Protein chains: 2
Amino acid sequence: MGVIRKTKAVSTVLSIFENKNEAKSVVSLIELVKGEMNKTTVYRILDRLEQDGIIHSFNGKDGLKWYAKCEGCSAHKHSDKHPHFQCTECDKVECLSLEVKIPALKNHKVDSTDILLMGQCETCCS
Amino acid sequence: MGVIRKTKAVSTVLSIFENKNEAKSVVSLIELVKGEMNKTTVYRILDRLEQDGIIHSFNGKDGLKWYAKCEGCSAHKHSDKHPHFQCTECDKVECLSLEVKIPALKNHKVDSTDILLMGQCETCCS
DNA sequence: AAATTTAATGCAACTTTGTTGCAAATACAA
DNA sequence: TTGTATTTGCAACAAAGTTGCATTAAATTT
């Protein structure tokens, strides 16, 4: 289906991702736009933006869903296979441009990989 | 805190992990022991077993929590850094003994990694 | 083998995340 | 500007997981 209409709500959500290269949890997004739109709307907009390859989703360390802007994705080819880093102190998530090599698996067909590194981010390290 | 008393409920949960080398989602565990014990008890036993290093947990592809038996873990040193594989068709999860090399990250202190490969398992491949 | 202590359990109520159906509102094309 | 299909809000729901508290049952002590 994807994004079809440029509504005010869609613009608001998009603008949150435009500026920074930082990932956002759905929970924090709902909080950010509280008063401006319904949480159901947030869920649905994120779905559509992901289907259009504008953002990508992944699971954070607590099993919560996070989203971030895709770099070079389209509706049909998602380049969202990069790893993510989540700080165990401040919970912030960053997209990493690392290339992680996964050894081949016998008798398995691997379609995608989720890699989450956890530890202390630059800010919380110092 | 950890496991202190060997109750019937603890034995039941342990026996589920003893036999097979297969991971179980909390949801499936609750279903398995339904009638025998309360879901709260399942959650609490899993917590204690994990703290004692007898099992380890990780997030499956849908953000659900899964558990599997540790191979060579203790309360203080968890060797649960191995990757997992989840089948996108039958949802089954396997622990992999692969060694995945993660390149060093500048200005970050990486303490642990979650790696989940997704695709078709041996059974669903053929 | 009782009595005592402390951990473990059951239960109900609750929180949080996420979903669904439907009516009303809005984008956009004709 | 009108018509139609998409988007939104709302309320109700569903599933995963948590909490408090009274009760039960291990393990220790006597």
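What you are looking at is a predicted structure, and each value in this text was computed from that prediction instead of being measured. Computed from heavy atoms alone, side chains included, the values below leave out hydrogens, waters and symmetry copies. Sequence lines set the chain letters: A, B, ... in the order given, protein chains first and strands last, and positions in each chain run from 1.
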Below 3.5 Å between N/O atoms, which protein atoms pair up with nucleotides 2-4 of chain C? Just atom names and distances, please.
none

(message) Output the rounded distance in Å from OH (A:Y43) to P (C:dG21).
(response) 17 Å
(request) Rounded to the nearest angstrom, tell me the gap between atom CG in A:D52 and atom C1' in D:dT6. (result) 14 Å
(message) Rounding to an integer number of Å, can you tell me how far B:N38 CG sits from D:dA22 P?
(response) 17 Å
(request) Starting from the first five and the last five pairs of the helix from C:dA1-D:dT30 to C:dA30-D:dT1, work out the angle between the resulting helix axes, to 10 degrees. (result) 30°
(message) If I take atom CG in residue A:L46 and atom P in nucleotide C:dG18, what distance separates them, rounded to the nearest angstrom?
(response) 10 Å
(request) Please report the shortest heavy-atom distance between B:L116 and B:M118, naming the atom on each side. (result) O-CE, 3.8 Å
(request) Find which nucleotide of DNA chain C each of A:R44 and A:V26 is nearest to by heavy atoms, and output the residue with the more 5' nucleotide. (result) A:V26
(message) For A:F85 together with B:H108, are the ring centres under 6.0 Å from each other?
(response) yes
(message) Between B:K39 and B:V26, does the side chain to side chain contact (heavy atoms under 4.5 Å, CB included) criterion hold? Intermediate values first, please.
(response) CA-CA 9 Å; B:K39 70 169 177 170; B:V26 179; over 6 Å; no
(request) Assign each of B:T7 and B:L64 to its nearest nucleotide of DNA chain D by heavy atoms, then name whichever residue's nucleotide is nearer the 5' end. (result) B:L64
(request) Please tell me if the side chains of B:Q86 and B:D91 come closer than 4.5 Å, counting only heavy atoms from C-beta onward. (result) yes
(message) Would you say B:I54 ends up clustered with B:V33 if hydrophobic residues are merged whenever their side chains have heavy atoms under 4.5 Å apart, either directly or through other cluster members?
(response) yes
(message) Which nucleotide wins on minimum distance to the side chain of A:R48, given the candidates C:dG10, C:dG21, D:dT7?
(response) D:dT7
(request) State which of C:dG10, C:dT6, D:dG17 makes the closest approach to the side chain of B:R5. (result) C:dT6
(request) Taking atom types as modelled, find out whether B:S15 and B:T12 have a side-chain donor-acceptor pair closer than 3.5 angstrom. (result) no
(message) Does the plane of the ring in A:H82 sit parallel, tilted or perpendicular to the ring in A:H56? Use 30° and 60° as the thresholds.
(response) perpendicular
(request) Would you mind reading off the distance between B:Y67 atom OH and D:dG17 atom C1', rounded to a whole angstrom? (result) 11 Å
(message) Whole angstroms only, please: what is the CE-C1' distance between A:M37 and D:dT6?
(response) 16 Å
(message) Can you identify which nucleotide, out of C:dG10, D:dT8, C:dG21, has its nearest atom closest to the B:T41 side chain?
(response) C:dG10
(request) Report the distance from atom NZ of A:K6 to atom C1' of C:dA27, rounded to the nearest whole Å. (result) 12 Å
(message) Surrounding CD of A:E18 (heavy atoms of other residues, nucleotides or ligands, distance under 6.0 Å), is the total greater than 12?
(response) yes
(request) Starting from C1' on C:dA7, measure out to CD on B:Q51 and report it in whole angstrom. (result) 14 Å
(message) Is it the case that the side chains of B:Q120 and B:T88 hold a donor-acceptor pair, with the cut-off being a distance below 3.5 Å and no angle test?
(response) no
(message) Between the base of C:dG18 and the side chain of A:K39, is there a donor and acceptor pair under 3.5 angstrom?
(response) yes
